Structure formats: structure tokens, C-alpha cells
Amino acid sequence: MSAAAGNGRDGSRSTPLRVDAQRNLEHVLRAAREVFGELGYGAPMEDVARRARVGVGTVYRRFPSKDVLVRRIAEEETSRLTDQARAALGQEDEPWSALSRFLRTSVASGAGRLLPPQVLRVGVADEGTEDGTGYDQARVPQQRTQPGSGELRLVPEDPGSAAEDDSGAAALLDVVGQLVERARTAGELRADVSVSDVLLVIATAAPSLPDAAQQAAASARLLDILLEGLRSRPA
């Protein structure tokens, strides 16, 4: 074998190295989704590395800080949920069926447990906002609130968060807002249900059970109960 082939100057060894690096990246991302999905974004990078079966240094070479890894996972899951919401809007004519389909698909995929922290952080709205409703209309579209009602609003994790992070969250909020508004206009969704309520349903998971079938059944039952709580009832 020539020296060039042995030292990679002819590119003969570069492709396997790139393949290995890509494989390690995929292992890290898969592990991060599993670990953060189970333990939340507070889980340490060491847990991610252990699940990926790589050294923690390998994780840090790909993601120089935990925040970078969290943003990557959160952005992917936000995009995934947005696609699921758009599919429900486009493929279901009935407003309640569209909203229900989105919720069931999202819960089944587990994406709700990995939503960006700035989307899932909610707080009681203060009275006296610009529109006088006690609600941050700019961040969550198509919401109906009443002053002092204790309505939940989405708030940023960090007021100085990056614009690209907000753009993905805004797209998700917009399309889920359309699902909510359609169902509410049709009289099938309680008038007080907001986008933040729907996202909280997606992020709610049944307790972990050792048996996969029992886990699936518990998750389905919990979602049925939550959906019943969202649906409007005749007076």
C-alpha cells in the first residue's frame, strides 16, 4: 500500500472517518432525544454520552455546550410538531377531527416532551398589557382572553433568545393557533382553551411503565381524558 493511501493524502481514509463521525452524531442526537425526553432538559451531558455509548468528549466536540445541544433537539422537535399540525390542517375537514388528530399524533410521537423550554414556560398574564386583555398577543396568535382571568401565556426562556429560535416557535404557535381557532369557531372546543393549553396537553405524559403495551394504553387513556376536558359541551 502506498504512503499516500496509508496517510489519507489521496482521500482513501477520509470517507470512513466522515462516516464514523456521522454515525457518532446520529448516536448522540438519538441518545439526547431519549434522555431529555425521559429526564427533561436538565439531564447532564454525561447521561447523553452514556446512552450514546461514546465519551463525553465526543459529545462536546459536536456540541460545545449543553445549550447548543438543547437548541438542536428543540428545533428539530418544533419542526416535527409544526409538520404534524400542518398535516392535520390539510387532511382533516372537520375542525375537531383536525385538532384531535394533531394531539394524538404528537403524543404518540413523544415530540411534546421535547418542545423548546421557551414555548413550554407559561405564566399568569399581567393585566395592563398593550391590548388590555392581560395576554401577550404578539407571542401567541389567535387567543381569546378576559382581563384578570388567569389566562396562561407563553413567555420566552430568555428575553435575549436568538431570533432563529423564536421563528421556529412562532411557526408552531401560528399553525396550532389555526387548529384551535377552527375548533372553537365550530363550537367544538371550550371557549377558554388556548394554544398554551393544547401544548401543555402534548407535553403531558403518562407515568413510565415497564410493559410497553401498558404504557401505550395508559398514554391513550390519559389523552382521551384530556381531550374530553378540552371539548365543549351543550349548555
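Values in this document were obtained by computation on a predicted structure and should not be read as measured data.
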Any carboxylate oxygen within less than 4.0 angstrom of a Lys/Arg side-chain nitrogen, looking at E38 and R51? yes

Report yes or no: does R101 contribute a side-chain atom to a donor-acceptor pair with the main-chain N or O of E92 at less than 3.5 Å? no

Any ion pair linking E26 and R23 (charged N to carboxylate O, less than 4.0 Å)? no

Pairwise distance CZ(R80) to CG(L115) - rounded to 0.5 angstrom: 11.0 Å

Backbone N/O of L114 and side chain of Y41: donor-acceptor pair under 3.5 Å: yes

Is a side-chain N or O of R62 found less than 3.5 angstrom from the main chain of V28, in a donor-acceptor match? no

Looking only at atom types and distance, does a side-chain atom of S79 sit under 3.5 Å from a main-chain N or O of E75, one as donor and one as acceptor? no

Would you give the length of the straight line joining atom CG of L173 to atom CG of L199, rounded to the nearest 0.5 angstrom? 6.5 Å

Look at the side chain of D47 and the backbone N and O of P44, then say whether any donor-acceptor pair between them is shorter than 3.5 Å. no

Could you give the distance from OG1 (T58) to NE2 (H27), rounded to the nearest 0.5 Å? 11.0 Å

Here the gap from L25 atom CG to R30 atom CZ, rounded to the nearest 0.5 Å, amounts to 10.5 Å

Is there a donor-acceptor pair closer than 3.5 Å between any side-chain N or O of T78 and the backbone N or O of A74? yes

Hey, does D197 have a side-chain heavy atom less than 4.5 Å from the side chain of V201? no

Closest non-hydrogen atom pair, A98 against A88: O-CB, 3.4 Å

Taking atom CG of L189 and atom OG of S194, what is their separation to the nearest 0.5 Å? 9.5 Å

Minimum heavy-atom distance between F63 and M45, given as atom pair plus value: O-CE, 4.0 Å

From CA spacing to verdict: side-chain hydrogen bond (donor to acceptor under 3.5 Å, both in side chains), S106, Q84: CA-CA 7 Å; S106 300; Q84 291 171 350; 3.0 Å; yes

Check whether any side-chain heavy atom of R190 sits under 4.5 Å from a side-chain heavy atom of L230, and report yes or no. no

So do the side chains of V198 and L179 get within less than 4.5 Å of each other, counting heavy atoms only? no

Check the side chains of D211 and Q215 for a donor-acceptor pair under 3.5 angstrom, ignoring hydrogens and angles. no

Would you check if the side chain of K66 reaches a backbone N or O of G42 as a donor-acceptor pair within less than 3.5 Å? yes

Ionic contact status for E76 with R72, cut-off 4.0 Å: yes

Which heavy atom in V195 sits nearest to a heavy atom in G177, and how many Å separate them? CG2-CA, 3.6 Å

Any heavy-atom pair between the side chains of L81 and F102 that's under 4.5 Å? yes

Measure from the side-chain N and O atoms of E188 to the backbone N and O of W96, and report whether any donor-acceptor pair falls under 3.5 Å. yes

Quick one: pull up CG in L99 and CD in E94 and give me the separation to the nearest 0.5 Å. 13.0 Å

Stepwise salt bridge (Lys or Arg N to Asp or Glu O under 4.0 Å) check, R231 with E228: CA-CA 5 Å; R231 199 158 192 177; E228 283 300 306; 5.2 Å; no

L69 vs L29 side-chain heavy atoms within contact, under 4.5 Å: yes

Report yes or no: does R104 contribute a side-chain atom to a donor-acceptor pair with the main-chain N or O of A220 at less than 3.5 Å? no

